[in-house]
Peer 1: 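Take this structure first; my questions come after.
Just so you know, residue 1 is the first one in the sequence shown, and it goes up from there.
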Amino acid sequence: YQAGLARHLRTQADAGRGVVVVAHDLGLAHNLADRVLLLREGLLHVDALPADALSPENLRDVFGVEARWLGDPGARVLSVSG
């Protein structure tokens, strides 16, 4: 259902409708969002394009983990260690 809902929301956004999604699925955000707002301790840490907002540096700052993105654009998967 998640993939179907994501496709539907993407279609709505592409049609010019405003779509706001609150999610903890970073892969979904990276692959489908136009912008990502990343919070740290309840405060805005970054507001940027997905690749910039979800950079390894920001993921380290916010979550305290070493992470890197694998795969092709639109089908990225997050690899996390530590």
Peer 1: Looking at side-chain heavy atoms only, is the closest gap between Leu78 and Leu59 below 4.5 Å?
Peer 2: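 SC-SC contact between Leu78 and Leu59 confirmed.
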Peer 1: Applying side-chain hydrogen bond (donor to acceptor under 3.5 Å, both in side chains), can you list everything that pairs with Asn58, at least two apart in sequence or on another chain?
Peer 2: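 By the side-chain hydrogen bond (donor to acceptor under 3.5 Å, both in side chains) rule, Asn58 matches His45, Ser55.
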Peer 1: For Pro56 and Ala67, work out which heavy atoms get closest and say how close.
Peer 2: CB-O, 3.4 Å
Peer 1: Evaluate the side-chain contact (heavy atoms from CB on, under 4.5 Å) criterion for residues Leu39 and Leu44: first the C-alpha distance (whole Å), next the side-chain angles of each, then the deciding distance (0.1 Å), finally the verdict.
Peer 2: CA-CA 5 Å; Leu39 303 180; Leu44 182 63; 4.2 Å; yes
Peer 1: Taking Trp69 for its side chain and Leu54 for its backbone only, find out whether a donor-acceptor pair lies under 3.5 Å.
Peer 2: yes
Peer 1: Are Val77 and Leu32 connected in a single hydrophobic cluster, I mean Ile/Leu/Val/Met/Phe/Trp/Tyr linked by side-chain heavy atoms less than 4.5 Å apart?
Peer 2: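 Looking at the clustering, Val77 is in a separate group from Leu32.
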Peer 1: Considering non-hydrogen atoms only, spot the tightest contact between Ala33 and Pro50 and give its length.
Peer 2: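 Of all heavy-atom pairs spanning Ala33 and Pro50, the closest is O-CG, 3.1 Å.
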Peer 1: Tell me which pairs pass salt bridge (charged side-chain N to carboxylate O under 4.0 Å, His left out) where either residue lies in residues 12-28, with sequence neighbours left out.
Peer 2: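 Passing the test, one end in residues 12-28: Arg10-Asp14.
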Peer 1: If you count every heavy atom of other residues, nucleotides or ligands that lies below 6.0 Å from Arg7 atom CZ, does the total exceed 12?
Peer 2: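 For Arg7, atom CZ is not crowded (no more than 12 foreign heavy atoms under 6.0 Å).
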Peer 1: Would a hydrophobic clustering, with Ile, Leu, Val, Met, Phe, Trp and Tyr connected at side-chain separations under 4.5 Å, put Leu49 with Val21?
Peer 2: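 The answer is no; the residues belong to distinct hydrophobic clusters.
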Peer 1: Which is it for Val80 and Glu66 under the side-chain contact (heavy atoms from CB on, under 4.5 Å) test, yes or no, and what are the steps along the way?
Peer 2: CA-CA 6 Å; Val80 178; Glu66 296 301 319; over 6 Å; no
Peer 1: Side-chain heavy atoms under 4.5 angstrom apart, residues restricted to Ile, Leu, Val, Met, Phe, Trp, Tyr: same cluster for Leu9 and Val36?
Peer 2: no
Peer 1: For Arg68, which residues count as a side-chain hydrogen bond (donor to acceptor under 3.5 Å, both in side chains) partner, sequence neighbours excluded?
Peer 2: none
Peer 1: Nearest 0.5 Å please: distance from the CG atom of Leu28 over to the CG atom of Leu5.
Peer 2: 8.5 Å
Peer 1: Quick one, Leu70 and Arg76 - any side-chain contact, counting heavy atoms below 4.5 Å?
Peer 2: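 SC-SC contact between Leu70 and Arg76 ruled out.
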Peer 1: Between Asn31 and Ala75, is there a donor-acceptor pair closer than 3.5 Å when you use the side chain of the first and the backbone of the second?
Peer 2: yes
